[in-house]
Amino acid sequence: MNNYFSIQDIDSLPGWVEEAIAIKKNPLSNKTLGKDKTIGLLFFNPSLRTRLSTQKAALNLGMNVMVMNFTGEGWSLEYGDGTIMDQGNSEHVKEAAQVVSQYCDILGVRAFAKLEDRDDDYSEKVLNGFINHASIPVINMESATRHPLQALTDAITITEYKKTDKPKVVLSWAPHPKALPQAVANSFVEMMQRMDADFVITHPVGFELASQITKQVPIDYNQENALKDADFVYVKNWSAYQEYGKVINDDPSWKITNKKMKLTNDAKLMHCLPVRRNVVVDDVVLDSNNSIVIEQANNRTYAAQLVLKKILEKS
Ligand code: AN0
Ligand code: CP
């Protein structure tokens with residue numbers, strides 16, 4: 001594997017999940033694989049889990065880690081081909097990506113959707129700019145439209161906690177005061193189409209994700225109906241895809257409450273975090289034994305470690 005851009009880069013999902021669970025049991029089993037190799041992590045946005053779990057994964061493999069907050073600390077980058085750079089941007093991604101490739105063996109990039117121009121975000125200008133111009137493998141640490149490290153984590157977590165071969169998994173939209181990207185939801189939807197799951201998406205009218213991603217996945221506009229007999233409830237806000245980047249509705253009645261969890265088959269509650277308490281999910285649910293959000297965050301390390309291991313083994 002050269003780059004980890006989306007979950008399409010996973011060749012065999014059951015094999016990967018099995019290997020990640022084996023890494024979790026013995027995280028230091030490959031502690032010299034990355035010896036004298038360096039990973040560079042570039043952040044254009046905030047992060048707690050991705051930043052620390054990817055560093056932890058690299059350290060478990062014996063790698064050196066360099067982290068840079070790009071926004072405010074790096075030069076503002078230009079991505080356009082042939083641009084006359086007489087405006088605000090100081091450096092082109094062509095040089096930036098090649099320069100980082102001189103210092104590092106693997107590069108991770110986090111660059112969220114700007115939620116201003118759909119075509120611009122869905123072209124994955126930033127991540128593709130780095131992939132196209134770097135001479136080292138690039139890992140997506142949440143790009144404009146995908147969060148594949150999170151989705152791999154979610155597959156591991158569901159595999160660990162499922163009680164039946166084909167659990168019912170519900171992805172539920174929830175209210176949020178700010179417009180959020182579709183990346184987490186997009187990658188989760190793609191992952192659930194590859195897993196053995198009875199999968200349904202529920203959201204208010206107008207929050208349909210891109211149809212090229214959701215394909216044949218059933219959408220139920222009635223949240224309570226969708227939650228019936230669920231084994232896993234994955235709650236996440238995203239902004240509209242059609243009315244791009246808009247919060248067209250922040251209806252508080254979509255919050256996950258204890259009453260709603262009672263409709264489920266004693267479901268596990270999942271969220272990628274960070275989560276706004278009592279807006280997205282009630283305290284009582286997040287603090288219950290049904291919540292596995294912390295276990296999910298723990299698995300971020302093993303998902304990242306598996307991706308790094310695959311890349312190191314190839315290079
Ligand atoms: C981001 C998002 O929804 O994409 C990151 C989640 C991992 N969330 C927020 O900005 C709150
Ligand atoms: N879930 C996730 O990616 O969290 P961070 O934004 O804190 O990295």
Side-chain angles (χ1 to χ4, degrees), residues 4-7 20 39 41-58 65 67-71 108-116 118 121-122 124 126-127 139-158 171-191 201 203 207 209-210 213 234-241 244-247 250 254-256 269-281 286 291-308:
Y4 188 61
F5 176 77
S6 76
I7 72 152
I39 186 166
L41 306 178
L42 305 185
F43 285 88
F44 291 84
N45 313 95
S47 169
L48 172 64
R49 282 141 289 271
T50 305
R51 180 166 173 158
L52 296 185
S53 65
T54 309
Q55 286 195 53
K56 181 73 190 278
V65 187
V67 185
M68 181 168 176
N69 293 327
F70 222 88
T71 306
V109 177
R110 164 163 283 200
F112 286 177
K114 291 210 159 60
L115 298 176
E116 287 158 7
R118 187 169 83 184
D121 283 342
Y122 275 73
E124 291 284 9
V126 179
L127 203 70
I139 296 174
N140 181 346
M141 299 198 299
E142 187 173 336
S143 66
T145 72
R146 299 292 193 284
H147 196 355
L149 285 173
Q150 184 66 52
L152 178 56
T153 300
D154 301 334
I156 297 164
T157 310
I158 288 173
L171 170 63
S172 179
W173 181 93
H176 197 281
K178 272 177 61 185
L180 297 187
Q182 290 123 23
V184 170
N186 284 346
S187 285
F188 186 72
V189 169
E190 289 177 326
M191 183 55 91
I201 308 173
H203 55 70
F207 282 102
L209 293 162
I213 289 172
Y234 197 106
V235 58
K236 179 75 184 85
N237 169 271
W238 60 87
S239 60
Y241 176 77
Y244 191 66
K246 297 263 178 339
V247 181
D250 62 354
W254 277 77
K255 178 179 65 172
I256 297 292
L269 185 280
M270 298 177 71
H271 190 286
C272 61
L273 304 181
V275 66
R276 290 193 183 226
R277 283 177 168 256
N278 305 309
V279 175
V280 173
V281 191
L286 276 169
S291 169
I292 55 170
V293 299
I294 303 302
E295 291 80 355
Q296 202 181 340
N298 181 32
N299 283 337
R300 289 295 305 271
T301 299
Y302 311 110
Q305 196 169 328
L306 176 63
V307 169
L308 295 181

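These numbers were taken from a predicted model, which means no experiment stands behind them. We count ligands from 1, going down the list as the structure has it; atoms in each ligand are counted the same way.
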Backbone or side-chain N or O of [X] under 3.5 Å from ligand 2 N or O:
X: Arg51; value: no
X: Cys272; value: yes
X: Leu48; value: yes

### Summary
Heavy-atom proximity to atom 2 (C) of ligand 1, picking from Ala183, Pro274, Pro181, points to Pro181
### Query
Among Asn45, Asn186, Leu149, Leu180, which residue places a heavy atom closest to atom 10 (O) of ligand 1?
Leu180
### Query
Does ligand 1 have an atom under 4.0 Å from some heavy atom of Leu273?
yes
### Task
Measure the distances from the heavy atoms of Trp238 to every atom of ligand 1 and state whether one is below 4.0 angstrom.
no
Which residue and non-hydrogen atom of the protein lie closest to [atom], and at what distance in Å?
atom: atom 6 (O) of ligand 2; result: Arg110 NH1, 2.7 Å
atom: atom 4 (O) of ligand 2; result: Arg49 NE, 2.8 Å
atom: atom 2 (C) of ligand 2; result: Arg300 NH1, 3.3 Å

### Message
Only heavy atoms of Lys236, strictly under 4.0 Å: list the atoms of ligand 1 that pass.
### Response
2 (C), 3 (O)
### Message
As an exercise, identify every atom of ligand 1 less than 4.0 angstrom from a heavy atom of Glu142.
### Response
2 (C), 4 (O), 5 (C), 6 (C), 7 (C)
#### Entry: Evaluation steps, side-chain contact (heavy atoms from CB on, under 4.5 Å), between Gln150 and Phe188
CA-CA 8 Å; Gln150 184 66 52; Phe188 186 72; over 6 Å; no
### Task
Please check if the side chain of Arg300 supplies one atom and the backbone of Thr153 the other of a donor-acceptor pair under 3.5 Å.
no
### Task
Ignoring hydrogens and angles, state whether a donor on the side chain of Asn186 or Tyr122 is under 3.5 Å from an acceptor on the partner side chain.
yes
### Message
Is a donor from one side chain sitting under 3.5 angstrom from an acceptor on the other, for Thr145 and Glu124?
### Response
yes
### Message
Counting C-beta onward and ignoring hydrogens, is there a side-chain heavy-atom pair between His147 and Asn140 closer than 4.5 Å?
### Response
no
### Task
Using a 4.5 Å cut-off on heavy atoms from C-beta on, say whether the side chain of Leu273 contacts that of Arg49.
yes
### Message
Apply side-chain contact (heavy atoms from CB on, under 4.5 Å) to residues Tyr234 and Val184 and explain how you reach the verdict.
### Response
CA-CA 11 Å; Tyr234 197 106; Val184 170; 3.8 Å; yes
Under 4.0 Å from ligand 2, counting heavy atoms only, is it the side chain of [X], its backbone, both or neither?
X: Leu273; result: backbone
X: Met141; result: neither
X: His147; result: side chain

## Note on the structure
In terms of heavy-atom contacts, Phe207 and Lys246 come closest through CE2-O, 4.1 Å
### Query
Can you find a non-hydrogen atom of Glu142 under 4.0 Å from ligand 2?
no
### Task
Applying side-chain contact (heavy atoms from CB on, under 4.5 Å), run through Ile292 and Thr157 and close with a yes or a no.
CA-CA 9 Å; Ile292 55 170; Thr157 310; 3.7 Å; yes
### Task
Could you walk me through whether Leu149 and Tyr4 pass the side-chain contact (heavy atoms from CB on, under 4.5 Å) test, one step at a time?
CA-CA 9 Å; Leu149 285 173; Tyr4 188 61; 3.8 Å; yes
